[in-house]
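The structure appears below as structure tokens.
By convention in this document, chain letters (A, B, ...) are assigned in the order of the sequence lines, proteins followed by strands, and residues within each chain are numbered from 1. All of these numbers come straight from a predicted model, not from anything done at the bench.
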Amino acid sequence: MEHHFGQDAAPASGSFDKTRVLNVKPLRTLVPVFPSPSNPASSSAPQGGAPFVCVSPSGPFPSGVAPFYPFFISPESQRLSEQNAQTPTGQRVPATPAAPISTAVPINSFRTPTGATNGDVGTSRRSTRSRGQVAQEDGYSNAVIEEVEADATTVTKRSKRKLQNKIKGPQSVGSGDVDPDAVAADILKSLNPLVFNVLNQPEGSRDSVAYTLMIYEVMRRKLGQIEDSNRAANAVAKRPDLRAGAIMMNKGIRTNSKKHIGLVSGVEIGDIFFFRFELCLVGLHSPSMAGIDYIGTKTSQEEEPLAVSIVSSGGYEDDVEDGDLLIYSGQGGVNRDKGASDQKLERGNLALDNSAHRGNEVRVIRGLKDLYHPTGKVYVYDGLYKIQDSWVDKSKSGFNVFKYKLGRLPGQPPAYMIWKSIQQWTEKSAPRAGVILPDLTSGAEKVPVCLVNDVDAEKGPAYFTYLPNLKNLRPTAPLESSIGCSCVGGCQPNNSNCPCVQKNGGYLPYSSASLIADLKSVIYECGPSCQCPPNCRNRVSQSGLKFRLEVYKTKNKGWALRSWDAIRAGSFICEYAGEVIDSARVEEELGGDNLDDYIFDSTRIYQQLEVFPDDTEAPKIPSPLYISAINEGNVARFMNHSCSPNVLWRPVIHENKNFSDLHIAFYAIRHIPPMMELTFDYGTVLPLKAGHRKKKCLCESVKCRGYFC
DNA sequence: TATCTTCAGCTGTAT
DNA sequence: ACAGCTGAAGATAAA
């Protein structure tokens with residue numbers, strides 16, 4: 001980090017002169033490259049004909065364009081959903097028989113018939129094609145699919161036995177008791193078959209890692225949600241993380257399953273995880289609990305065991321951590337029943353010893369406390385280390401403990417160091433370089449939002465007024481008439497009488513960790529007419545910013561948004577604040593000089609981020625919503641476009657006496673490490689409206705569509 | 001095939 | 001913070 005802003009450029013807090021940045025033009029990823037419609041075909045494109053929109057999920061893909069998300073929807077389906085969304089009455093328009101059938105297979109085709117009936121598009125295929133037929137016709141055959149098809153409960157004998165024991169157990173009662181394996185099978189069937197093509201590659205890739213983690217996330221959250229709603233008040237919590245992980249292992253939904261020393265393809269240094277099973281499933285660290293992973297233990301060969309990876313979670317005493325150095329304690333010497341004892345030079349300890357002698361690389365995953373879930377941990381993949389030294393130490397209780405000193409190999413991108421830096425900024429033991437404003441919001445948010453420029457001399461983005469929420473909010477007629485809840489202590493997941501639970505399909509939309517449980521096309525939160533308190537689990541998007549965000553200057557994309565805190569997939573990040581305007585105003589603004597950069601337009605068409613299987617249609621909005629953040633807005637106005645975004649939006653409806661307060665909320669698609677830019681897909685206007693310009697996309701993703709508009 | 005080992009992750013209870 | 005509880009994979013021992 002350069003320090004050229006250190007002393008002179010950063011003004012004392014509170015003395016910032018806003019007039020100095022008054023006339024700075026916003027510079028974002030939005031660079032108009034073509035005047036409006038340069039291509040007549042695209043302006044009237046009857047279907048997804050524009051080159052930059054969507055490709056069929058079944059391919060072929062132009063070079064550089066491939067689906068990144070495990071769930072897809074055809075362009076026609078998107079268009080239909082989009083029409084549905086714009087129906088003023090809020091009634092869904094069924095797909096007419098005359099509607100063109102896509103060559104793409106709608107994701108709904110793979111839905112089990114008993115499933116919830118959202119997404120009416122593509123019905124004709126869904127009901128008539130079995131999975132087996134699809135596999136034949138479209139060439140989607142592969143081992144995983146066949147296994148899923150053959151038997152939903154195909155598991156190893158061992159796991160089957162265990163599952164049966166669980167089913168017989170005393171506590172699996174509940175009105176809607178669901179078999180986890182059946183749920184898992186449903187989820188797997190709802191996946192885009194292309195996912196399996198990626199997963200079946202012997203070598204892991206960025207995509208296979210991303211898919212694996214997303215499927216795990218979906219499975220874990222769904223099982224947790226079901227368990228949550230069925231569990232009696234004082235029952236012991238099951239472990240959806242373990243259950244989901246076991247199912248994934250049994251079905252072979254994993255990548256890099258062959259252990260090896262060194263980097264893991266598709267996993268990048270700096271990647272973060274929130275469960276040990278995630279490390280396991282992507283091939284970073286196989287043991288589900290143990291801290292040392294090693295290979296070469298086959299007794300037939302005389303090969304000595306060698307260490308592959310370690311997880312440093314601070315579980316053993318005397319761990320000293322310092323940036324690129326790590327003192328790691330060996331395993332053993334702790335027994336639940338027998339108490340403490342000397343560690344032995346066997347298993348992982350022996351493997352580490354051998355690796356030390358050979359000078360082998362060892363992957364290091366650092367487990368840190370998760371600020372937002374004090375009982376949980378964040379795992380940071382910190383790349384390759386070498387063991388520099390080892391010795392035997394005495395534990396506090398006087399027993400022998402093996403110690404290993406590991407040093408990080410040079411030349412690797414920073415990972416854990418970023419966490420250390422942020423910690424120093426937090427503790428004020430080191431200043432954040434290039435700070436222009438310590439709090440852009442002037443206290444309007446609960447947490448400060450830093451304004452930073454450590455790349456050039458620009459003093460800030462164009463002037464605007466910070467507004468934390470929506471202005472001119474007009475209640476609109478809801479999709480369904482409804483009433484507020486009367487859950488005095490907050491809505492409970494197992495209260496099927498709560499109208500807010502009912503509106504969300506019988507489940508609370510958020511997990512106990514406030515993560516979005518599965519991505520519905522609309523999220524119904526409690527609102528002004530509900531009697532539940534502000535901290536109700538169903539008001540997640542109403543409590544303002546939670547993460548410490550930072551607006552910062554990029555090298556080539558203008559200003560952007562990122563977070564000091566790690567963000568778990570499914571976390572609420574912020575809403576799109578600004579002034580609600582009507583379509584006439586939108587046209588007006590479009591006639592202006594590129595001011596549409598800060599208009600949120602719900603009627604745009606989005607390349608579907610079908611991350612969650614329950615979501616097979618576009619976001620469903622009772623009426624079109626336009627929000628202008630040109631003059632007033634919040635952090636959301638700084639989020640840039642990307643064709644491989646890590647954030648998505650969903651409409652959130654707050655219950656308000658038979659009317660709806662409509663908001664746009666942003667959620668993390670994946671786990672987002674600190675200081676990584678937050679981006680979402682701006683979507684596409686079809687047909688192109690007069691005055692609209694195509695913009696060249698600078699997202700630099702390998703999946704980049706090239707343009708957006 | 002059964003047993004053993006293991007730096008998990010909850011949830012509830014006492015500070 | 002802390003304790004108590006249940007876990008699943010993979011190595012290893014036993015059969």
Is any side-chain N or O of [X] closer than 4.0 Å to OP1 or OP2 of [N]?
X: A/Y404; N: B/dC7; value: no
X: A/Y379; N: B/dA8; value: yes
X: A/S313; N: B/dA8; value: yes
X: A/K377; N: B/dG9; value: no

Side chain of [X] (C-beta onward), nearest among [options]:
X: A/R254; options: C/dA11, C/dG10, B/dA8; result: C/dG10
X: A/D241; options: B/dC7, B/dG9, C/dA9; result: B/dG9
X: A/R276; options: C/dA8, B/dC10, B/dC7; result: B/dC7

Would you mind pulling out the nucleotide paired to C/dA11, Watson-Crick or G-U wobble, both distances under 3.5 Å?
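C/dA11 is paired with B/dT3.
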In terms of the angle between their ring planes, are A/Y667 and A/Y510 parallel, tilted or perpendicular, with boundaries placed at 30° and 60°?
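Taking A/Y510 first and then A/Y667, their aromatic rings sit tilted (interplane angle of 30° to 60°).
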Residue mapping more 5' on DNA chain B - nearest nucleotide basis, A/T375 or A/I292
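It is A/I292 whose nearest nucleotide is closer to the 5' end.
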A/N400 backbone acceptor or donor facing A/D342 side chain under 3.5 Å:
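Yes, because the side chain of A/D342 sits within donor-acceptor range (under 3.5 Å) of the backbone of A/N400.
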Salt-bridged, A/E227 to A/R243, with N to O below 4.0 Å?
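A salt bridge is absent here (no side-chain N lies under 4.0 Å from a carboxylate O).
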May I ask you to say whether A/D565 pairs ionically with A/R548, meaning some side-chain N is under 4.0 Å from a carboxylate O?
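The answer is yes: the pair qualifies as a salt bridge.
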Mind checking if A/R220 touches a base, just sugar-phosphate, or nothing, with heavy atoms under 4.0 Å?
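Touches nothing.
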Please classify the nucleic acid contact of A/K259 as base, sugar-phosphate, or nothing, using heavy-atom distances under 4.0 Å.
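Sugar-phosphate, backbone atoms only, no base.
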Tell me which of A/L242 and A/D293 sits closer to the 5' end of DNA chain C, going by the nucleotide each one is nearest to.
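Going by which nucleotide is closer to the 5' end, it is A/L242.
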Pair of N/O donor and acceptor under 3.5 Å linking C/dG7 base with A/R239 side chain:
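Result: no qualifying N/O pair found.
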Take the protein atom CE of A/M219 and the nucleotide atom C1' of C/dA8, then report the distance between them rounded to whole Å.
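For the pair A/M219 CE and C/dA8 C1', the rounded distance is 16 Å.
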